Amino acid sequence: MKLEFLGGVREVGRSALLVNDSLLLDYGLLSGNPPQFPVATPDPDAVVVSHGHLDHVGVVPALLSGRDRPPIHWTPPTMELALTLARDTLKLHGPANRRHGRGSGGQGGGYRCPFTENDVKRVTEVSHTHGYRESFVAAGHEVTFFDAGHIPGSAHVLVDDGDTRLLYTADFHTQDQRVVAASTDRPDADVVVCESTYSDVDHDPRRAVEERFVESVRQTLWEGGTVVVPAFAIGRTQEMLLVCEAYDIPCYVDGMGKRVTEMLRGHPDFVRDADALDRAAAHARFVTSHGQRTRIAEQNAAIVTTSGMLSGGPAMTYIPAIRANPTNKVTLTGYQVAGTPGRRLLDTGRAEFDGRVMPVSARVESYDFSAHADAGGLRSFLDTYADQRVFVVHGDRCEAFATELRADGVDATAPELGAAVEV
Ligand SMILES: [Zn+2]
């Protein structure tokens, strides 16, 4: 089996792995200004997508811009998330916006969308959806999805070419979240390509993180304040709505997470507790018009909203509205990448809104609601594959983690960007 690492190695973003020159696993975007794409433009016979996050699926429609129309295989939620993200990318960076010289709320102003509306329409024509543990054939390979416990629809991808069985873990979590249960399947494999986002981090138990978050939010509400809860649209927004419902915290939801929540309610088999998600959606008040935002920012409630790293979205309205009052609070719910406004706010207490840097007197806190396995989770996952060849990808310290695994006797390496390896 031949593996070509086209992106998402020694970095987080633009995941793309080409198998035997014919089967492409993921084709994502590295967010930034400008965003970056995988290092080669493959011409695959089939595409398999692990899950619906931008860094794994963001550039997939561009594969349909030529004459070839490779089939795309994914779970039903991944397909819907991919379409949602593609339409959003077109809206922010497509031709209409370029003509008017508009950026995307501060990110990637000059960036040109790598696909067209027609390419996005073609996605549904070539789409094949599959559930977990249902094998199918793609570019002559037998492929099976296993629940990866990362976001709804996320999958470990097992690829068998007749000689070699490759397990591409993609993003996964080994602790239960409210929205999805932990990854538990450990299919037999000869070679493992493993993510390593949090290879040197130990998450606190989720229940403890939740309880700290809830106590802090309740305190602010009791003092008469408002809490803005920036959250990624996919997975995290639903997780925070589930937490709010479970602890009876009054909340609003705004931004792309609204649409994603409604969509996921249509896929009850891919969430941990569909009834709980229904209850959470009924408990939250959906913000239906922009004009309501200033009034809502004065409510004694939590506001769950995109973007998770404050690089756009309705959070850009809510935070300026609540920032001056120290009774109010901003509770970040995910990792803040260096260089993002969220990271800047956390480090300096200031952030840029609409091109203006403003001080934020409201308290700013950060909670680790990660959807990735931590160091212990990665180790326990890889224990099953101690005698197999392991490639460490998708992290900021892939080489260091591979070295640590080698010290424990695992045949682990961190491939370089663009590397082709025969296994
Ligand atoms: Zn992901």
Side-chain angles (χ1 to χ4, degrees), residues 6-17 25-32 35-38 47-60 74-86 88-89 132 145-157 167-183 193-199 201 203 206 231-240 256-257 260 263-264 267 270-272 306-309 311 333-337 340 368-374 377-378 381 392-396 398:
L6 303 181
V9 293
R10 304 188 183 191
E11 62 188 1
V12 175
R14 58 168 166 177
S15 287
L17 173 61
L25 308 182
D26 286 347
Y27 200 51
L29 189 76
L30 178 63
S31 296
Q36 290 176 276
F37 307 124
V47 184
V48 170
V49 180
S50 64
H51 68 286
H53 270 156
L54 207 54
D55 59 326
H56 292 259
V57 74
V59 206
V60 161
W74 37 25
T75 63
T78 301
M79 180 195 77
E80 294 209 46
L81 293 168
L83 288 168
T84 301
L85 289 169
D88 195 59
T89 303
Y132 298 129
F145 290 143
F146 296 91
D147 191 347
H150 174 58
I151 58 169
S154 67
H156 301 300
V157 184
L167 178 62
Y168 172 60
T169 69
D171 299 1
F172 67 98
H173 202 359
T174 49
Q175 268 195 46
D176 285 338
Q177 305 174 70
R178 285 185 184 269
V179 68
V180 284
S183 151
V193 173
C194 187
E195 73 122 312
S196 62
T197 318
Y198 286 109
S199 66
V201 170
H203 302 316
R206 175 57 63 100
F232 309 126
I234 298 169
R236 195 63 41 83
T237 287
Q238 296 75 44
E239 185 76 8
M240 300 322 294
M256 200 213 274
V260 173
M263 184 277 279
L264 291 175
H267 295 285
F270 290 88
V271 294
R272 182 176 167 194
T306 48
S307 88
M309 298 189 204
S311 50
T333 58
Y335 183 70
Q336 305 294 309
V337 172
T340 59
D368 180 5
F369 280 98
S370 174
H372 291 269
D374 64 4
L378 291 169
F381 184 96
V392 175
V393 302
H394 199 287
D396 295 328
C398 295

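Counting starts at 1 for both ligands and their atoms, in listed order. Nothing fancy with the numbering, it's 1 onward along the sequence. What you see is a predicted model, and the numbers here were worked out from it, not measured in a lab.
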For the Zn ion (ligand 1), the closest N/O/S atom belonging to [X]:
| X | value |
| --- | --- |
| H150 | NE2 |
| H53 | ND1 |
| D171 | OD2 |

Residue H51, metal the Zn ion (ligand 1), N/O/S under 2.8 Å: yes

Parallel, tilted or perpendicular for [X] and [Y], by the 30°/60° rule?
| X | Y | result |
| --- | --- | --- |
| H372 | H394 | tilted |
| H53 | H150 | perpendicular |
| Y198 | Y335 | perpendicular |

Under a 3.5 Å cutoff, is there a donor and acceptor pairing between the side chains of H56 and D171? yes

